[in-house]
Amino acid sequence: MPVPVPVPELGSYNYVAETKANLDWADLVTVDLGEISTPEGKRAQADILLSALKEKGFFYVKNFNISQERVNRQFALGKAFYDLPQEEKDEFAVKGQRLTPSDGLIEQGNYNGYVGNRQRVVNEKSGLRSRVEVYNIPKFNGDFEHHHPAIIEEHIEEIEEFARSLHSEVLDPLFVLLALALELPEDYFTKIHQYPVKSEDHLRYMKYGKYTPEENKLIDNWVQGHTDLGSFTLLFRQPVAALQIRYPSTNEWKWVKPQDATLTVNACDALQFLTGGYVKSTIHRVAVPPIDQQHVDRLGLLYFSRPHNDIPLATIRDSPLLQREGGHPVPTMEEWTFAKQKWQRTGYDKPEHKTAQILPGWKEKVYV
């Protein structure tokens, strides 16, 4: 019989100190979910949310009823996963991924599981490659296989409870506020974001491996400018400054400051489709951290929310605020997910990839 592999002890997670650099921080509003118990409070927060989505696409959320201790344990799990030997992580690589650096690309848009580093060139002259690693965990609703290393399996019930709570405590309230803001029935968006229904939501542990100071001088950004392809992305506070957003109104890049006891949330492609461009899917990137934080890895904890796979991404006609003529046939959430994932993961070093039509009438580009 095979000898059982011992599961590492899940220790505490220690956050690094925040930067002392004087950065050009983005001015973002905060949605307070502790204020939505009354109709008046709900209306006020809906107005705050709508202003954030129209103007910058990024905002903070506070009082979301998930303890910091539970968040800390998820960071500890992410760190424990990335501390595993590389060959053990590779056993859980995304289906269809080649593992050699020369051709290590995800070819069909698949993304649940482990994606190793060195996927992209970050400096063409030197050949320096990305050191981003990703581990995606899909929904626990019966639609997806779950095959995880021992450190994850040992805590799988806790991970499932955490993922489900992000729906009930964060996403559902945000979707209610969004519906109110667009003068729709309160359950308009929650009905197309139900946890039991198949969609490509996933929880993500994400590691940005550090570079040497000399290497960082060769890099413009650790991750180039892009938009996310779902509805909302939830980013839990971690103190290594690197996230930047591009203001839609001015095209200026601003740093996003880590705020205690908050989530950073951004609107994504699906909401831009559904609202005919009224809600902005904001361009963002991961820059080289300030000098006083370049000696550490950057660990992220994120959740990506997406509508049901069969939802057409057509402009909502029921909202008095949304009046826009259609052009090309709109994709379903599933079609958009896999088309964009395929674009993001293949041909990245080719010039024609920088601006490409990924579906009829729908273009993507690399933002610098």
Side-chain angles (χ1 to χ4, degrees), residues 53 57 61 64 66 74 94-96 106 108-113 115 134-148 156 159-179 182 184-206 226-236 263 265-275 279 281 301-316 329-345 358-359 362 364:
L53 296 178
V61 173
F64 45 86
I66 296 175
Q74 291 302 311
V94 169
K95 184 179 180 181
I106 299 172
Q108 301 302 324
N110 299 313
Y111 51 87
N112 288 324
V115 180
V134 168
Y135 192 70
N136 291 332
I137 301 175
K139 276 184 169 182
F140 296 88
N141 66 343
D143 286 317
F144 302 92
E145 293 183 6
H146 280 269
H147 179 52
H148 306 288
I156 200 68
I159 294 170
E160 177 179 355
E161 188 276 335
F162 183 78
R164 287 179 178 272
S165 71
L166 294 179
H167 272 256
S168 61
E169 305 299 332
V170 183
L171 291 167
D172 284 351
L174 287 178
F175 287 132
V176 167
L177 293 178
L178 178 60
L182 298 180
L184 293 164
E186 286 193 11
D187 63 352
Y188 191 97
F189 291 104
T190 56
K191 286 198 297 188
I192 63 172
H193 292 87
Q194 297 179 60
Y195 195 89
V197 180
K198 186 175 184 180
S199 64
E200 304 301 324
D201 296 43
H202 54 276
L203 180 71
R204 173 178 292 181
Y205 306 125
M206 191 168 190
H226 64 282
T227 60
D228 293 345
L229 56 82
S231 301
F232 286 125
T233 300
L234 311 180
L235 303 94
F236 283 87
L263 283 163
V265 182
N266 62 282
C268 311
D269 298 347
L271 289 185
Q272 183 162 309
F273 280 122
L274 290 170
T275 62
V279 169
S281 182
L301 173 64
L302 307 91
Y303 191 87
F304 295 85
S305 167
R306 294 167 182 175
H308 306 160
N309 277 7
D310 62 353
I311 296 297
L313 298 180
T315 302
I316 298 166
V330 293
T332 65
M333 188 66 235
E334 183 175 32
E335 290 168 340
W336 181 249
T337 293
F338 286 95
K340 184 161 180 173
Q341 288 283 168
K342 185 175 181 179
W343 172 78
Q344 287 178 328
R345 303 299 186 186
I358 63 174
L359 285 174
W362 307 106
E364 273 295 339

> Once rounded to the nearest 0.5 Å, what's the spacing between atom CG of Leu263 and atom CG of Leu302?
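These two atoms lie 10.0 Å from each other.
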
> Please round to the nearest 0.5 Å and tell me the distance separating atom NZ of Lys198 and atom CG of Asp310.
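These two atoms lie 10.5 Å from each other.
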
> Taking the side chain as C-beta and beyond, is there a heavy-atom pair between Gln74 and Tyr205 under 4.5 Å?
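Of all side-chain heavy-atom pairs linking Tyr205 with Gln74, at least one is under 4.5 Å.
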
> Calculate, to the nearest 0.5 Å, the distance between atoms CG and CG belonging to Asn266 and Leu271 respectively.
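It is 10.0 Å, given to the nearest 0.5 Å.
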
> Which heavy-atom pair separates Ser165 from Ile66 by the least distance, and what is that distance?
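Scanning both residues completely, I find the closest heavy atoms to be OG-CD1, 3.6 Å.
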
> Between Asp228 (side chain only) and Gly230 (backbone N and O only), is there a donor and an acceptor less than 3.5 Å apart?
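No, the answer is negative, given that no donor and acceptor are paired below the 3.5 Å cut-off.
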
> Is there side-chain contact between Val176 and Thr190, with at least one heavy-atom pair below 4.5 Å?
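SC-SC contact between Val176 and Thr190 confirmed.
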
> Is there a side chain to side chain contact (heavy atoms under 4.5 Å, CB included) between Tyr303 and Leu171 once you walk through the steps?
CA-CA 10 Å; Tyr303 191 87; Leu171 291 167; 3.9 Å; yes

> State, to 0.1 Å, how close Glu186 and Ala179 come at their nearest heavy-atom pair, and which atoms those are.
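The answer is O-CB, 3.8 Å.
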
> Take the angle between the ring planes of Tyr195 and His167 and call it parallel below 30°, perpendicular above 60°, tilted in between.
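Ring orientation, 0 to 90° scale: perpendicular.
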
> Of all the heavy-atom pairs spanning Val134 and Asn136, show the shortest one and how long it is.
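Here Val134 and Asn136 meet closest at CG1-OD1, 3.3 Å.
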
> Classify the side-chain pair Asp269/Ser281 by whether it contains a donor and acceptor separated by less than 3.5 Å.
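Yes, because at least one side-chain N or O of Asp269 sits under 3.5 Å from a partner of the opposite role on Ser281.
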
> Would you give the length of the straight line joining atom CZ of Phe304 to atom OG1 of Thr337, rounded to the nearest 0.5 angstrom?
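Rounded to the nearest 0.5 Å, the CZ-OG1 separation comes to 11.5 Å.
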
> Please report the closest heavy-atom contact between Asp201 and Ser305, naming both atoms and the distance.
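In terms of heavy atoms, the two residues are closest at OD2-CA, 3.6 Å.
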
> With rounding to the nearest 0.5 Å, note down the distance linking CG in Leu178 to OG1 in Thr275.
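Rounded to the nearest 0.5 Å, the CG-OG1 separation comes out at 8.0 Å.
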
> Could you give the distance from OG (Ser231) to CE (Met333), rounded to the nearest 0.5 Å?
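Rounded to the nearest 0.5 Å, the OG-CE separation comes to 6.5 Å.
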
> Please examine the side chains of Val265 and Phe64, heavy atoms only from C-beta on, and report whether any two atoms are closer than 4.5 Å.
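Answer no - side chains too far apart.
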
> Mind checking whether Phe140 and His146 have parallel, tilted or perpendicular rings, split at 30° and 60°?
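Ring orientation of Phe140 relative to His146: parallel.
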
> Just say parallel, tilted or perpendicular for the rings of His308 and His193, cut-offs at 30° and 60°.
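Tilted: the ring planes of His308 and His193 meet at 30° to 60°.
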
> Do Leu184 and Phe189 have side chains that approach each other closer than 4.5 Å (heavy atoms only, starting at C-beta)?
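Yes; the side chains approach each other to less than 4.5 Å.
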
> Should Val170 and Phe232 count as side-chain neighbours, where that means a heavy-atom distance under 4.5 Å?
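Of all side-chain heavy-atom pairs linking Phe232 with Val170, none is under 4.5 Å.
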
> If you compare all heavy atoms of Pro196 against all heavy atoms of Asp143, which two are closest, and at what distance to 0.1 Å?
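Looks like O-OD2, 4.2 Å.
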
> Report the C-alpha separation of Phe162 and Phe236 in whole Å, then their side-chain angles, then the decisive distance to 0.1 Å, and conclude whether the ring pair (Phe, Tyr, Trp, His ring centres under 6.0 Å) test is met.
CA-CA 13 Å; Phe162 183 78; Phe236 283 87; 5.6 Å; yes

> Could you report the tightest heavy-atom contact between Val94 and Gly113, atom names first, then the distance?
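Here Val94 and Gly113 meet closest at CG2-C, 3.9 Å.
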
> Show, in sequence, the C-alpha distance, side-chain angles and deciding distance for Thr227 and Lys340, and conclude whether the side chain to side chain contact (heavy atoms under 4.5 Å, CB included) test is met.
CA-CA 10 Å; Thr227 60; Lys340 184 161 180 173; 2.6 Å; yes

